[in-house]
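First the structure, in the form of structure tokens, and then the observations on it.
Protein chains get the first letters and strands the later ones, always in sequence-line order, with residue 1 at the start of each. The structure presented is a predicted model; accordingly, all values stated were derived computationally and were not measured.
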Number of protein chains: 2
Amino acid sequence: MNQRYPSVLLENAVNELATLPGVGRRTALRLALYMLRRDEGYAERFTSALLALRKEVKYCRVCHNICDNEMCGICADPRRDQSIVCVIENIKEVMAIENTGQFHGVYHVLGGIISPIDGIGPNDLEIDSLVERVAKGEVKEVILALSTTMEGDTTNFFIYRKLSPYQEVAISQIARGISIGDEIEYADEVTLGRSIINRTRFTINEE
Amino acid sequence: MNQRYPSVLLENAVNELATLPGVGRRTALRLALYMLRRDEGYAERFTSALLALRKEVKYCRVCHNICDNEMCGICADPRRDQSIVCVIENIKEVMAIENTGQFHGVYHVLGGIISPIDGIGPNDLEIDSLVERVAKGEVKEVILALSTTMEGDTTNFFIYRKLSPYQEVAISQIARGISIGDEIEYADEVTLGRSIINRTRFTINEE
């Protein structure tokens, strides 16, 4: 669509909005016109919130999750078990696991996974800092909770090897299996196969 | 989703992004995290383009289309026929019609349509300025190109009445009928009925 814009300002705004993931030029135009319809205060609040996020955000010096201070709320919480560290790819996974309310340990945010195609190697990730954390001797278990993809598996293996000198530390991974609510008939073979191999004792959930 | 955010800055950014039309909280989070992954220069360019749009945009003093100067490029273009004025709801329709390359007149942007439910009356729209434009005596035809909705029809009728003192001005509306490429079988009755009543002479399109 070789659109002619009535204003360079509009065109610039559309160009910038269209850089967002999942936003095409048509949606970008709709968003730009929405911005025009709202008052100036709205545009100021909107842009300053985004700019503040980018410029002022801090990363927890322990787990590298984003936060507003030196240390994130989870690492600073005395009720959390500092000896269990869940290794995840990014902030979104921290939020997803926190929402389950099932995990009471702490996290380690890698900031991505090893992906040669995207040019992301081990040194681009917070792997060394994970090893340092473990080397301090206070961690008893490291839970690997990365995506079940080739990149995730590669990263899991790399971390596993890096942590192998610390034999007193248990390394686990989150359970893979049939999603709750899923029909077995439609599960893929690999997942179904794994779910049989990794079967667990049958219990009545009395929650 | 009662999401807990690891950072107030992130939460603020998500809140602002989620005010955009069609953007839910999940998408807003994705956009905010994208903003975090990009460099600071990106966030600066992005936000300043939006802020500049909202703060510096001008409206053409003739047709009320948005523009960068006192008068828009279309009104200022000597090749455009100033005697044919196409009345449209908003900037997007100007862009849509301009993209067809079929219209060589000028526009009049109402800035909306009469909609009692949304509290938009004739005085909130650029109707008086349209009448003034016509009263100057240089307009020969006014083309009504508003949505085929009750609000559009109401607005059309209101403008028609307001312009009725200027009998030398032809008032037309864009053709309604079966869209090109549409199958007649699936056309709605009203459109099909209108397309029969407003039939045109058959011509071979030799373009």
Looking only at heavy atoms, which two atoms of [X] and [Y] are closest? And how far apart?
| X | Y | result |
| --- | --- | --- |
| Ile66(B) | Pro6(A) | O-CB, 3.4 Å |
| Leu53(A) | Ala32(B) | CD2-O, 3.6 Å |
| Val57(B) | Ser7(A) | CG2-OG, 4.3 Å |

For residues [X] and [Y], determine if any side-chain heavy atom of one lies less than 4.5 Å from a side-chain heavy atom of the other.
| X | Y | answer |
| --- | --- | --- |
| Leu36(A) | Ile91(B) | yes |
| Leu50(B) | Glu16(A) | no |
| Leu29(A) | Met95(B) | yes |

- Side-chain donor/acceptor of Asn12(A) to backbone N/O of Ala49(B), under 3.5 Å: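 It does not hold such a pair.
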- Exam field: side chain Arg54(A) to backbone Glu44(B), donor-acceptor pair closer than 3.5 Å: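 Side chain of Arg54(A) to backbone of Glu44(B), a donor-acceptor pair under 3.5 Å: no, none is there.
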- Query: Do you know which of Lys58(B), Lys55(B), Met35(B) has the most heavy-atom pairs with chain A at a distance under 4.5 angstrom?
  - Reply: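 So the answer, after comparing Lys58(B), Lys55(B), Met35(B), is Lys55(B).
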- Query: Between Asp68(B), Asn65(B), Val14(B), Leu51(B), which shows the greatest number of heavy-atom pairs under 4.5 Å with chain A?
  - Reply: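 Looking at each of Asp68(B), Asn65(B), Val14(B), Leu51(B) in turn, Asp68(B) comes out on top.
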- Please flag which part of Tyr59(A) lies under 4.5 Å from any non-hydrogen atom of chain B: side chain, backbone, both or neither.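 Looking at Tyr59(A), just its side chain touches chain B.
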- Item | Structural part of Cys72(A) lying under 4.5 Å from a heavy atom of chain B |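 Neither part.
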- Check against side-chain contact (heavy atoms from CB on, under 4.5 Å), Phe46(A) and Leu17(B): CA-CA 7 Å; Phe46(A) 184 91; Leu17(B) 285 162; 3.7 Å; yes
- Item | No-hydrogen, no-angle side-chain donor-acceptor test under 3.5 Å, Tyr34(B) and Thr19(A) |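 The criterion, which ignores hydrogens and geometry beyond distance, is not satisfied for Thr19(A) and Tyr34(B).
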